[in-house]
Every structure is written in C-alpha cells, then in structure tokens.
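Only one structure is covered here, and it is reproduced in the block below.
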Amino acid sequence: MMSQNTDPREDLMSDGSIDLKADARARAYSIPLEDYHVADPALFQADAMWPYFERLRKEAPVHYSKGDEEVGPYWSVTRYNDIMTVDTTHQVFSSDAHLGGITIRNFDEDFVLPMFIAMDQPKHDIQRKTVSPIVSPANLGRLEGIIRERVCGILDALPINEPFDWVDKVSIELTTQMLATLFDFPWEERRKLTRWSDIATASPESGLIESEEARRAELLECLAYFTNLWNERVNLTEPGNDLISMLAHGEATRDMPPMEYLGNVILLIVGGNDTTRNSLTGGLYALSKNPQEEAKLRADPGLIPNMVSEIIRWQTPLAHMRRTALEDYELAGQTIKKGDKVVMWYVSGNRDDTVIENADQFIVDRPNARRHLSFGFGIHRCVGNRLAEMQLKIVWEEILKRFPKIEVLEEPKRVYSTFVKGYERMMVRIPERI
Ligand code: HEM
C-alpha cells in the first residue's frame, strides 16, 4: 500500500482507518515513484487515485510497479496515446486468459473461464461475430421501444419527496431488466443476473463473497441455470433472437465446452451490467456536482446524446484493461519484456489533458465528447457500446420529462475495486414531478 510511506496519523478516520482522500495530492507527490502501486482498491474506493495518475502521466507515463502479493508486478500505461498504442497492437499485447486474462488480477489457473474478451485472434473474432447481431442497428431499433417502456415503468414507480437509493432502485433495476431482455431470462428471477455479475468481478476483500470456493460454487450454479436455458432453446427449429439462442445455434459457439459457455455468459452479464449501471449513477452524480451543466442540459435536451458520451468518459466504468506482452516492446522509452503484465488505465487516459482539454471537468456540450477510451479500442472495442449509449439516452430523456430536480443527499459509497469503477449506494430525493 502506498500509504505505508507517509505518516498516516494525521488522517485517521473515526473508525481508526486512514482517510486516503485527505491530502491525496500531497501523498501522491511525496511517495517515491519506485514505491508507487496505484492498483490499490482502497484508493479507488476513496476516490483518491486522481493525483497519483496525474503524477504518473507527467513523470512516468509507462511505469513499472512491484505490485503486491495479490497482483504481482505490472506496468501502468497512463497516457491517452500510449493506451491507444497498446490497445491496437493486439499482435504483441495479448488478452489470452491462459496468460492471465484482461484484468490486473490473473484468472485462477485452475478455474479459467474462457470468454472471447480474453481470447486472441482468430478465435476471438469468430465468437465475437456470433453475438454481434444482438447489437445490429435493426435489433437496436427493435429494442428501443422495449427499453423506453421499461425505463418509464421504473421512473414512474419512484417515490416522491422521500429518500431512496438510486443505485438499487434505478441503476441496478434498469440494467438488470435490460439483461433479462437480452437473454430472454425468466423475469421474476432477474436479480440472479445482478448477483452473478457482482460476484464474478468482486475482489476477495470486498465482503461480497466469503471465499474463492464460495464464488466458484455460485458461478457453477450460474452455469447450471444457463445450461437449462440452453437445453430448452437448442432444439427449437425457430431460434429465438436472444443471446442464449444465438450462442446455442451459432456455428462457432454451438459446440463450446461448458466452461466456455459460462465464460461467455459471464462476459455478457458483466459487460452489460456493471458498466451501464455505474454510468447511470455517475451521470446523476456528475450533474449534481455541476449545477451549471445541469442548467445547460435542461435548457437544451438536445444535448443528451453528447452528454451521454461525456458521462461515459467522466465515469470510465471500467477503470482498466490488462494485457500480457508476447514479445519485448518499446513504449515511451521503456522496454516492456515478453511475459510482462501491462495495465491500460483508461481512467487516467480519459483525464489526459494533453489530448482532452480540461479533462477533469464534466462538460455536457464538450466538443468531441465521444473521443474517450471508456469502450477501449481495436479488436476488443466494446460490442455493446451503441446499446449502452441508447439506454442512457432514453433514461435521460425520460428523466427530464418527469423530474425538475433530483437531489443527491450524500456522497455515494464507491465500489472497492480497481476494475469496476462504480457505486454501491447513492441516496437521492425527488422533490416533485412535473
Ligand atoms: C468489451 C466497456 C457496455 C458487452 C468492453 C471493453 C470495455 C468495455 C472497456 C474492452 C475493450 C478493450 O479491451 O479494448 C463498456 C462500457 C459500457 C459497456 C464503459 C457502458 C457504458 C456494454 C454492454 C454490453 C457489453 C451494454 C452488452 C450487452 C461487451 C462485450 C465485450 C466488451 C461482449 C468484449 C468485446 C471483445 O472482446 O471483442 N466493454 N462496455 N458492454 N463489452 Fe462493453
């Protein structure tokens, strides 16, 4: 932990823990760079990582960290353009699960979940093609009406003039309903999807799962559940338009082994869940912190599509993606060695003000707002990016039609993770309806 190098006594919280947010800048600039280990979930939970990344971008944009016993040594790539280079040089920077996969924490060697986000060419491309029709323009058009109906249902049921948790009542509920629609999943059991997504990405210390064994047991339940759905759909002569039917009937996926099916299911659940969920909360939070931007938006709702991109940049729902070098590679004057772990910190690249002007600010009418790294680049660029944007656009259109104000009542509780950058709880109150 980086805080070992500073005197923590001055910043003790009432429960005796260290307040990482207080004096984050002073700490970030006083710790020697060779002791830096930014992949510390506590920093992210405290929202205290920003000055560390700022310093890395300025002083050591491609930085080697010794890491800790959890994640081992890794390179941090923190500038926008260097991240683009790594993300688009997939011949050198592998996503392969067997080399560790796509997050800083390696896949467990004895429980590898193969999924196409963690595969290289050519298998990646073939599997990606199988699920791509779900987000074709035609299918998005078909989904738009269903999404709007569900958004309206959720917003109309919100309590007025009474505090409630936006994360649970809106962000989770909406994304879960969306996923249940994409999978044609049994409606009443849809919160199972949320649970499986949460445990798939949870750190062992997060408190969400008791042990690695417990996580595996739940993921195997997920596999059993989805296997039943597969079996029900695989023999239908008229395949459905849902993701499970696409996998069960797709030439590249119909014979995949059970763990590969589980891996791809988890990929689609996590892909469509955490990310959109945290953009929904992050957007409301960003507007509450920037009333002048909210005023602009309310004066001109035509800014919504642009604001959606700005929310996704500002929030950066997945803080990083990781690769493994297949050969030695020179980047920004450093030699990354074959076998090294390379972390692309999207969360930092999105705040690189040599590329994005006033990058720390949230600006609803920012020019080129879609020029962000949150969806990645290259062969793994997010499959669901247009779907996510559409969902967020509809939510904001419907919010503006209904609620003149949504008050954020306290600082949100953030997720303990260096991968999923998001919120566990955000209490709000809606004073009145239009
Ligand atoms: C891949 C972010 C929404 C499905 C990715 C990647 C990122 C990402 C960073 C990896 C890119 C790379 O390695 O270069 C996001 C964000 C979202 C979002 C920020 C919302 C704001 C969705 C949705 C779905 C989805 C709604 C599906 C329903 C996927 C899939 C991949 C992926 C399947 C793997 C693509 C591949 O490996 O070829 N996403 N995502 N995502 N995303 Fe998303």
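Whatever order the structure lists ligands and atoms in, that order sets their numbers, starting from 1.
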_Pairing donors with acceptors under 3.5 angstrom, does anything connect the side chains of T335 and E330?_
yes
_Between H37 and Y74, do the side chains contain a donor N or O and an acceptor N or O under 3.5 Å apart?_
yes
Closest approach of any protein heavy atom to [atom], naming residue and atom:
atom: atom 37 (O) of ligand 1; value: H380 ND1, 2.7 Å
atom: atom 6 (C) of ligand 1; value: M321 CE, 3.9 Å
atom: atom 33 (C) of ligand 1; value: F116 CZ, 3.7 Å

May I ask you to list the atoms of ligand 1 that are less than 4.0 angstrom from any heavy atom of [X]?
X: L182; result: 28 (C)
X: I379; result: 38 (O)
X: P317; result: 19 (C)
X: R323; result: 12 (C), 13 (O), 14 (O)

Ligand 1-proximal atoms of [X], by part, heavy-atom distance under 4.0 Å:
X: H124; result: side chain
X: D87; result: side chain
X: F377; result: backbone

Does ligand 1 come near enough to [X] that some N or O of the ligand is less than 3.5 Å from an N or O of the residue?
X: R128; value: yes
X: S374; value: no
X: T276; value: no
X: S279; value: no

*Any side-chain hydrogen bond (donor to acceptor under 3.5 Å, both in side chains) pairs touching residues 254-267, not counting sequence neighbours?*
K123-E260, Q127-E260, Q127-N264
*Shortest non-hydrogen contact between H380 and F116, atoms and distance*: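 Looks like CE1-O, 3.5 Å.
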*Return the minimal non-hydrogen interatomic distance between A60 and L33, and the atom names on each side.*
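Closest pair (atom of A60, atom of L33, distance): CB-CD1, 4.1 Å.
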Salt bridge or not between [X] and [Y]? Use side-chain N to carboxylate O under 4.0 Å.
X: E397; Y: R148; value: yes
X: D242; Y: R233; value: yes
X: E389; Y: K393; value: no
X: K413; Y: D165; value: no
X: D353; Y: R57; value: no

Report yes or no: does a heavy atom of [X] sit under 4.0 Å from some atom of ligand 1?
X: M344; value: no
X: K421; value: no
X: L392; value: no

*For the residue pair H320 and Y346, is the inter-centroid distance of their aromatic rings smaller than 6.0 Å?*
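Not under 6.0 Å, so no.
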_Step-by-step side chain to side chain contact (heavy atoms under 4.5 Å, CB included) determination, S171 to N278_ = CA-CA 7 Å; S171 307; N278 289 315; over 6 Å; no
Only distances under 3.5 Å count here; give the side-chain donor-acceptor pairs of residues 219-229 to other protein atoms, sequence neighbours excluded, each with its distance to 0.1 Å.
from	atom 1	to	atom 2	distance (Å)
Y225	OH	E189	OE2	2.8
T227	OG1	L223	O	2.6

Contacts under 3.5 angstrom, residues 44-51 side chains, donor-acceptor by atom type, not counting sequence neighbours:
from	atom 1	to	atom 2	distance (Å)
Q45	NE2	R414	O	3.2
D47	OD1	W50	NE1	3.0
D47	OD2	K21	NZ	3.3

_Less than 2.8 Å away from atom 43 (Fe) of ligand 1, how many protein N/O/S atoms can be counted, ignoring water?_
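Of the protein's nitrogen, oxygen and sulfur atoms, 1 lie under 2.8 Å from atom 43 (Fe) of ligand 1.
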